Amino acid sequence: MVEPNLLHAPVLDWYADNARDLPWRAPDATPWGVLVSEIMLQQTPVVRVLPVWHEWMARWPTPKALAAEQPGEAVRHWGRLGYPRRALRLHACARAVAEEHGGEVPSDHATLLSLPGIGEYTAAAVASFAYGGRHAVLDTNVRRVFARAVRAEQYPPTATSAAERRLAEALLPELDAPRWGVAVMELGALVCTARAPRCADCPITDLCAWRLAGKPPHAGPARKGQTYAGTDRQCRGRLLAVLRSAHGPVPKAALDAVWDDAVQRERALDGLVADGLAEPLDDGTYRLPHS
DNA sequence: CACGCGTGGCG
DNA sequence: TCGCCAAGCGT
C-alpha cells in the first residue's frame with residue numbers, strides 16, 4: 001500500500017465544498033448520459049453544453065433511441081456546439097452500442113476506446129465516472145494542474161507525454177479514483193485556469209511547485225493560436241448552418257449565398273460531403289446525411 | 001505527430 | 001479590439 005499523496009486530502013476536501021452541480025454528475029445519471037456529456041464537452045465549455053445535453057437526454061434517453069435516427073438528426077440537434085463531426089461520431093457510436101453491445105454502454109476501457117468518437121480521455125472518463133473504474137483521466141485541466149503543482153511549469157506539453165501518464169498513474173489513489181479524477185478536473189476548470197489562475201483560492205497553493213518557483217512563464221515557443229475568420233472552418237460552419245436550419249434538401253443557390261469566395265466555398269462543401277456531414281442529391285440539392 | 005476541425009465568451 | 005481558450009479525436 002502506497003503512502004497517501006499529500007495532494008489528495010486538500011483537493012478532495014475542496015471538491016466537496018466547491019463542486020458544480022452538473023446533471024451528468026447526479027446519482028441518477030446513466031452511463032449514456034455521461035458518455036453524451038463527455039463527447040459534447042470535448043473543446044466546448046460547460047455552459048454551452050448544458051441546454052443541448054438536456055435536450056438530447058429528453059429526445060434520446062438511450063443509445064438505441066439515437067441509433068434509430070438518421071445521422072443528420074444528430075447533426076441538426078447538435079446546434080451550435082461546434083465541431084459537428086462529433087455529432088456524427090456520437091451517432092455512429094450509438095449504433096455500434098445498439099448493434100454490438102446490446103444497447104448498453106460498455107464499461108471496459110479498451111472496448112470504449114474502440115467506439116467512434118471515443119479516444120483515450122473519453123474512454124477513461126466514461127469507465128471511471130459512469131462505472132467507477134480506476135483510470136487516470138488526463139484532460140487539459142488535469143494536465144495543467146499536474147504541470148504546475150508537480151512539474152513547476154505553467155503549461156503542459158502540446159501532446160500528452162508518457163511522463164504525464166506515469167505521473168497521473170502514480171497519483172491515482174487506490175480507493176475512490178473517480179472522485180479524485182473529477183476533483184482535479186474541477187480544480188483545473190475553476191481555480192487553476194489557463195489564463196489567470198486564482199492561486200489565492202487554491203487548496204494546494206502551499207504545495208504547488210510552480211507557485212513556489214515564482215510562477216515562471218511558459219518557456220518554449222508561443223503556442224499556436226487557432227485563427228477562424230476567413231478560414232475553411234468558418235465557411236463550413238456557415239454552409240452547415242444552412243443545412244441544419246432547413247428541414248429538407250436545399251438548393252445549391254442557398255449555400256452559394258452564404259460565402260462569397262467560390263473556390264473556398266466549393267472546397268468547404270466538398271469537405272463536408274467527404275466527412276459525411278452533407279449529402280448531395282441527384283437533383284443538385286444538398287441535405288444533412290441519411291442512412 | 002502535427003494538423004484540421006466550430007463557436008462564442010472573456011480579459 | 002482581438003487573440004486566447006474551452007472535459008479531444010482521427011488521420
Side-chain angles (χ1 to χ4, degrees), chain A residues 19-20 22-25 29 33-53 75 78-90 92-93 112-130 135-145 154-162 168 178 181-190 192-198 218 221-244 258-259 264 267-268 270-272 274-278:
Chain A
R20 288 169 294 181
L22 301 173
W24 43 84
R25 290 180 188 160
V34 173
L35 170 54
V36 171
S37 79
E38 291 300 339
I39 302 291
M40 289 183 172
L41 287 164
Q42 291 168 3
Q43 303 285 280
T44 304
V46 165
V47 288
R48 219 180 310 161
V49 165
L50 278 169
V52 181
W53 184 86
V75 175
W78 196 249
R80 304 188 66 80
L81 286 183
Y83 292 146
R85 293 188 296 188
R86 290 182 294 166
L88 221 45
R89 295 191 186 121
L90 184 47
C93 180
L112 286 163
L113 198 52
S114 73
L115 294 170
I118 299 188
E120 182 178 333
Y121 161 75
T122 304
V126 172
S128 183
F129 303 150
H135 301 276
V137 289
L138 266 183
D139 78 324
T140 188
N141 290 304
V142 174
R143 297 180 61 222
R144 188 174 55 249
V145 170
Q154 186 179 21
Y155 298 119
T158 305
T160 304
S161 66
V182 75
V184 179
M185 284 179 61
E186 193 77 333
L187 185 63
L190 299 183
C192 194
T193 55
R195 202 90 57 96
R198 303 163 52 192
H218 181 64
R223 303 140 70 74
K224 190 180 76 169
Q226 37 186 358
T227 55
Y228 185 61
T231 61
D232 285 11
R233 280 153 82 162
Q234 185 183 32
C235 184
R236 287 166 57 109
R238 293 260 187 93
L239 296 172
L240 199 59
V242 173
L243 298 181
R244 267 201 314 264
V258 299
W259 198 265
Q264 187 176 30
R267 183 172 65 234
D270 287 347
L272 288 174
D275 287 346
L277 285 165

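Note that the structure is predicted; figures quoted are calculated from it, not measured.
We find that CG of A:Leu113 is positioned 9 Å from P of C:dC9, with the value rounded to whole Å. Counting to the nearest Å, the C1' atom of C:dG8 and the CD atom of A:Glu120 are 11 Å from each other. Atoms CG (A:Leu112) and P (C:dG8) sit 17 Å apart, rounded to a whole Å. The CG atom of A:Leu115 sits 19 Å away from the P atom of C:dG8 (whole-angstrom rounding). Rounded to a whole Å, the CD atom of A:Glu38 is 14 Å from the C1' atom of C:dA6. When the P atom of C:dG10 is taken as reference, atom OH of A:Tyr121 falls 14 Å away, rounded to whole Å.
Proximity of A:Ser37 to the phosphate of C:dA7: no side-chain N or O atom is located under 4.0 Å from OP1 or OP2.
Partners of A:Ala127 according to the side-chain contact (heavy atoms from CB on, under 4.5 Å) rule, which considers only residues two or more places apart in sequence or in another chain, are A:Leu112, A:His135. Applying the side-chain contact (heavy atoms from CB on, under 4.5 Å) rule to A:Glu120 yields the partners A:Arg165; only residues at least two apart in sequence or on another chain are considered. The side-chain contact (heavy atoms from CB on, under 4.5 Å) test applied to A:Thr122 returns A:Leu35, A:Glu38, A:Ile39, A:Gln42, A:Ile118, A:Val126, not counting sequence neighbours. Not counting sequence neighbours, the partners of A:Leu88 by the side-chain contact (heavy atoms from CB on, under 4.5 Å) test are A:Pro71, A:Val75, A:Leu277, A:Pro289.
Although no hydrogens or angles enter the test, the distance criterion places no donor-acceptor pair under 3.5 Å between the side chain of A:Arg267 and the main chain of A:Asp232. A:Arg143 places no side-chain N or O within 3.5 Å of a backbone atom of A:Pro156 that could act as its donor or acceptor partner. At distances below 3.5 Å, at least one donor-acceptor pair connects side-chain atoms of A:Thr44 with backbone N or O atoms of A:Leu81. A:Trp78 contributes no side-chain N or O that, together with a main-chain N or O of A:Arg85, makes up a donor-acceptor pair within less than 3.5 Å.
Spacing between C:dA7 and B:dC3 at atom P, rounded to whole Å, works out to 22 Å. Separating the P atom of B:dG8 from that of C:dG10 is a span of 24 Å, rounded to the nearest Å.
At a threshold of 4.0 angstrom between heavy atoms, the contacts of A:Ala194 are confined to the sugar-phosphate backbone, with no base atom among them. Using a 4.0 Å heavy-atom distance criterion, A:Arg20 is classed as a base contact. At a threshold of 4.0 angstrom between heavy atoms, the contacts of A:Thr140 are confined to the sugar-phosphate backbone, with no base atom among them. Residue-level contact check: A:Trp78 touches neither bases nor backbone, having no heavy atom under 4.0 Å from any strand.
Heavy-atom minimum distance, A:Ser128 versus A:Pro178: OG-CA, 3.3 Å.
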Reading nucleotides 4-11 of chain B 5' to 3', which nucleotides get B (base under 4.0 Å from a protein heavy atom), which S (sugar-phosphate only), which -?
BBBBBB-S
Expected output check: what is the dot-bracket annotation of DNA chain B, where ( ) and [ ] are pairs inside the strand (brackets for crossing ones), | is paired with another strand, and pairs are Watson-Crick or G-U under 3.5 Å?
.||||.|||||
